[in-house]
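Below is one structure, written out as structure tokens; the observations come after it.
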Amino acid sequence: MSEHTTNRRYKGYEVEEKPSRRSNRNRPWFWKVLGISLLITALIIAAVVFGLLHKKKQNTQYIEKINASNTIDALLKDHKSVTITCSYSHLEEGADYTTTRQVKKDKKGNYYSYLKKKGSDNDYKEVIKNKEIYRDNGKYVRYYGLISDDYEKKCVKEIEDDTFCGNEEDLVQNEKERNNMVTVQTVYEVKNGDVYVTRYGFNAGDKIEKNIVMNKETGIVLSEQEKCEDEVFFTYGVEFDKKVKVPSFFKTLKKTEETRTCKVYSDYNGDEGKKYSFTIPVDVYFDVFDHDGYKTYEDKKGKKEFGTYQMETQNPETDLSLYVKKAEKDK
């Protein structure tokens with residue numbers, strides 16, 4: 001019996017059995033089928049990936065287009081003024097609050113903005129006019145001396161930041177048209193460290209559902225609502241051509257004839273030793289914005305820092321000189 005032959009018993013008899021030795025090498029069709037299958041699988045995977053990337057690109061372009069239609073200039077294109085209202089709730093820290101901002105442009109193209117923040121522990125009213133900024137918190141009126149590019153980086157940015165801005169990672173889920181309005185529903189997955197974690201205390205992986213109502217022709221967003229698990233925590237609304245308010249504190253300031261002079265000597269942003277002079281009404285507290293890596297001092301040598309306490313205890317009737325210098329540790 002061959003060495004490749006095995007015996008087994010069947011009903012009392014020994015049956016000779018030869019094991020099968022089928023080699024794939026003797027079946028070329030096997031490799032052809034396998035190769036075709038792998039090729040088809042690769043094509044399917046490539047098609048799916050391409051489809052997802054293409055959809056993501058289209059989605060990103062769609063959100064970018066909406067954002068481009070919701071700048072202050074775009075909102076004011078066919079209107080004299082715009083009123084933007086934002087409501088924040090379910091915050092990680094602090095009370096719920098609402099901000100209402102009215103914006104228009106003067107004949108010189110400069111912004112007039114009236115902002116009212118209500119409901120928080122630090123409510124205030126703010127007026128930006130003629131590239132000047134005043135804030136009233138109910139205790140005192142503060143005037144900010146704008147230096148270098150503060151107007152663009154602080155005031156203009158603050159105004160623009162109140163307009164609608166969609167996240168390019170928002171995924172469009174649904175879109176419905178009715179008359180001249182479009183309702184867009186999107187979803188966003190919370191990432192570690194983003195605003196939904198820091199401001200609201202949501203966790204990475206939570207889904208933020210957004211409902212956006214906008215004008216079909218202009219792309220201007222008229223309202224937006226954000227929620228997580230049916231909990232609405234943010235709303236946004238836009239109205240046009242409402243009567244623009246001038247708050248009473250600002251009207252009073254404009255009637256004040258007595259003034260004082262405040263000077264700022266600044267090394268900020270490469271403007272070494274540049275002097276700024278501000279003439280403001282008496283009884284208005286003077287301040288400057290914080291700048292990363294710089295501090296404000298009351299003396300030229302930079303020994304006495306000008307902080308919140310010094311700002312609140314200054315004599316609002318006398319002239320004042322301040323010095324913005326690079327902080328010692330950053331020199």
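All values derive from a computational prediction rather than experimental measurement.
Around NZ of Lys125, the count of heavy atoms belonging to other residues, nucleotides or ligands within 6.0 Å does not exceed 12. For Asp161, the CG atom counts as densely surrounded, since its 6.0 Å shell holds more than 12 non-hydrogen atoms of other residues, nucleotides or ligands. Heavy-atom neighbours of Lys65 NZ from other residues, nucleotides or ligands within 6.0 Å: at or below the threshold of 12. Heavy atoms from other residues, nucleotides or ligands lying under 6.0 Å from CG of Asp290 number 12 at most.
A salt bridge between Lys157 and Glu160 is absent, with no side-chain N of the basic residue lying under 4.0 Å from a carboxylate O of the acidic one. Lys116 has no carboxylate O lying under 4.0 Å from a charged side-chain N of Glu126, or vice versa, which leaves the two without a salt bridge. Taking a cutoff of 4.0 Å between a charged side-chain nitrogen and a carboxylate oxygen, Asp150 and Lys154 do not qualify as a salt bridge. Under a 4.0 Å N-O distance rule, the pair Asp299/Lys303 does not qualify as a salt bridge.
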Checklist entry - Given the rule in the ring-ring contact (aromatic ring centres under 6.0 Å, His included) test, do Tyr285 and Tyr140 qualify, once you have shown the distances and angles that lead to the verdict? => result CA-CA 7 Å; Tyr285 288 73; Tyr140 49 77; 5.2 Å; yes
Next on the checklist: Between Lys105 and Asp73, does the side-chain contact (heavy atoms from CB on, under 4.5 Å) criterion hold? Intermediate values first, please.
Outcome noted: CA-CA 9 Å; Lys105 278 191 173 183; Asp73 283 340; 2.8 Å; yes
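At least one donor-acceptor pair under 3.5 Å links the side chain of Asp106 to the backbone N or O of Lys108. Using a distance-only test at 3.5 Å, with no hydrogens or angles considered, a donor-acceptor pair links the side chain of Gln310 to the main chain of Gly307. With hydrogens and angles ignored, the 3.5 Å screen pairs a side-chain donor or acceptor of Asn67 with a backbone N or O of Gly166. Of the possible polar contacts, one joining the Gln102 side chain to the Lys243 backbone as a donor-acceptor pair under 3.5 Å is found. The closest donor-acceptor contact from the side chain of Asp194 to the backbone of Val190 lies at 3.5 Å or more, if one exists at all. Panel note: side chain His79, backbone Lys77; no donor-acceptor pair is recorded below 3.5 Å. Looking only at distances, a side-chain donor or acceptor of Asn70 sits under 3.5 Å from a matching main-chain atom of Val221.
The minimum heavy-atom distance between Val103 and Tyr111, with the atom names listed, is CG1-CD2, 3.7 Å. Between Ile147 and His291, the shortest heavy-atom contact is CD1-CE1, 3.7 Å. When all heavy atoms are compared, the tightest approach of Ala327 to Lys295 is CB-CG, 4.2 Å. The shortest non-hydrogen separation linking Ser69 to Ile220 is O-CG1, 3.5 Å. Closest non-hydrogen pair, Phe234 versus Glu224, comes out as CE2-OE1, 3.3 Å. Looking at every heavy atom in both residues, Ala74 comes nearest to Ala68 through CB-O, 4.5 Å.
Thr99 pairs by the side chain to side chain contact (heavy atoms under 4.5 Å, CB included) definition with Cys86, Tyr88, Tyr97, Leu115, Lys117, not counting sequence neighbours.
A cation-pi contact links Arg135 to Tyr124, judged by a cut-off of 6.0 Å to the six-membered ring centre and 45° from its axis. Stacking of Lys325 on the aromatic ring of Tyr294 is not recorded, the 6.0 Å distance cut-off and the 45° axial limit not both being met. For the pair Lys304 and Tyr297, the cation does not sit on the ring face, since its NZ or CZ is not both under 6.0 Å from the ring centre and inside 45° of the axis. A cation-pi geometry, defined here as NZ or CZ lying under 6.0 Å from the six-membered ring centre and within 45° of its normal, does not hold between Lys227 and Phe233.
The shortest side-chain heavy-atom distance between Leu146 and Tyr276 does not fall under the 4.5 Å cut-off. Two residues are said to be in side-chain contact when any heavy atoms from C-beta on lie closer than 4.5 Å; Asp96 and Ser87 fail this criterion. Using a 4.5 Å cut-off on side-chain heavy atoms (C-beta onward), Tyr143 and Ile133 make no contact. In this structure, Val187 and Lys210 have side chains that are not in contact, with every pair of non-hydrogen atoms separated by 4.5 Å or more. Between Tyr323 and Phe306 the shortest side-chain heavy-atom distance does not fall below 4.5 Å. Contact annotation: the side chain of Phe202 approaches that of Cys228 to within less than 4.5 Å [non-hydrogen atoms, C-beta and beyond]. Counting heavy atoms from C-beta on, the side chains of Thr100 and Ile84 never come closer than 4.5 Å. Looking at Thr71 and Thr163, their side chains never come closer than 4.5 Å, going by heavy atoms from C-beta outward.
Using a 3.5 Å distance cut-off with no hydrogens or angles, the side chains of Ser148 and Asn269 do pair a donor with an acceptor. If you check the side chains of Arg101 and Ser113, you find a donor sitting under 3.5 Å from an acceptor. A donor atom on one side chain and an acceptor atom on the other are found under 3.5 Å apart for Glu226 and Tyr196. Side chain to side chain, Tyr62 and Glu175 meet the donor-acceptor criterion of an N or O pair below 3.5 Å. For Tyr236 and Asp162, the side-chain atoms include no donor-acceptor pair closer than 3.5 Å. Side chain to side chain, Asn122 and Ser120 meet the donor-acceptor criterion of an N or O pair below 3.5 Å.
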Side-chain donor-acceptor pairs of residues 259-267 under 3.5 Å, sequence neighbours excluded:
{"from": "Arg260", "atom 1": "NE", "to": "Pro316", "atom 2": "O", "distance (Å)": "3.2"}
{"from": "Arg260", "atom 1": "NH1", "to": "Asn315", "atom 2": "O", "distance (Å)": "3.3"}
{"from": "Arg260", "atom 1": "NH1", "to": "Thr318", "atom 2": "O", "distance (Å)": "2.7"}
{"from": "Arg260", "atom 1": "NH2", "to": "Val284", "atom 2": "O", "distance (Å)": "2.7"}
{"from": "Arg260", "atom 1": "NH2", "to": "Gln314", "atom 2": "OE1", "distance (Å)": "2.8"}
{"from": "Ser266", "atom 1": "OG", "to": "Tyr268", "atom 2": "N", "distance (Å)": "3.0"}
{"from": "Asp267", "atom 1": "OD1", "to": "Gly273", "atom 2": "N", "distance (Å)": "2.8"}

When the side chains of residues 249-257 are checked against the rest of the protein, which donor-acceptor pairs come out under 3.5 Å, sequence neighbours left out?
{"from": "Thr252", "atom 1": "OG1", "to": "Ser248", "atom 2": "O", "distance (Å)": "3.0"}
{"from": "Thr256", "atom 1": "OG1", "to": "Thr252", "atom 2": "O", "distance (Å)": "3.2"}
{"from": "Thr256", "atom 1": "OG1", "to": "Leu253", "atom 2": "O", "distance (Å)": "3.4"}

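Both Tyr188 and Val195 belong to a common hydrophobic cluster when Ile, Leu, Val, Met, Phe, Trp and Tyr are linked at side-chain heavy-atom distances under 4.5 angstrom. Two different hydrophobic clusters hold Val213 and Phe240 under the rule that ILVMFWY side chains link at heavy-atom gaps under 4.5 Å. Following chains of ILVMFWY side-chain contacts shorter than 4.5 Å, one can reach Val238 starting from Leu76, so the two form part of one hydrophobic cluster. Hydrophobic clustering places Leu75 together with Val182 (ILVMFWY residues linked when any side-chain heavy atoms are closer than 4.5 Å, directly or through intermediates).
We find the OH-NZ distance between Tyr114 and Lys104 to be 14.0 Å, quoted to the nearest 0.5 Å. Interatomic distance, Asn215 CG to Met181 CE, rounded to the nearest 0.5 Å: 5.0 Å. The distance from the CG atom of Asn192 to the OG1 atom of Thr198 is 11.5 Å, given to the nearest 0.5 Å. Taking CD from Glu231 and CD from Glu209, the interatomic distance works out to 12.0 Å, rounded to the nearest 0.5 Å. Note that the CZ atom of Arg142 and the CE atom of Met311 stand 3.5 Å from one another [nearest 0.5 Å]. Atom NZ of Lys118 and atom CG of Asp123 lie 8.5 Å apart (nearest 0.5 Å).
Aromatic pair Tyr144/Tyr134: centroids not less than 6.0 angstrom apart.
Considering Leu171, Asp170, Asn174, Val172 as possible partners of Gln185, the one that fulfils the side-chain contact (heavy atoms from CB on, under 4.5 Å) test is Asn174.
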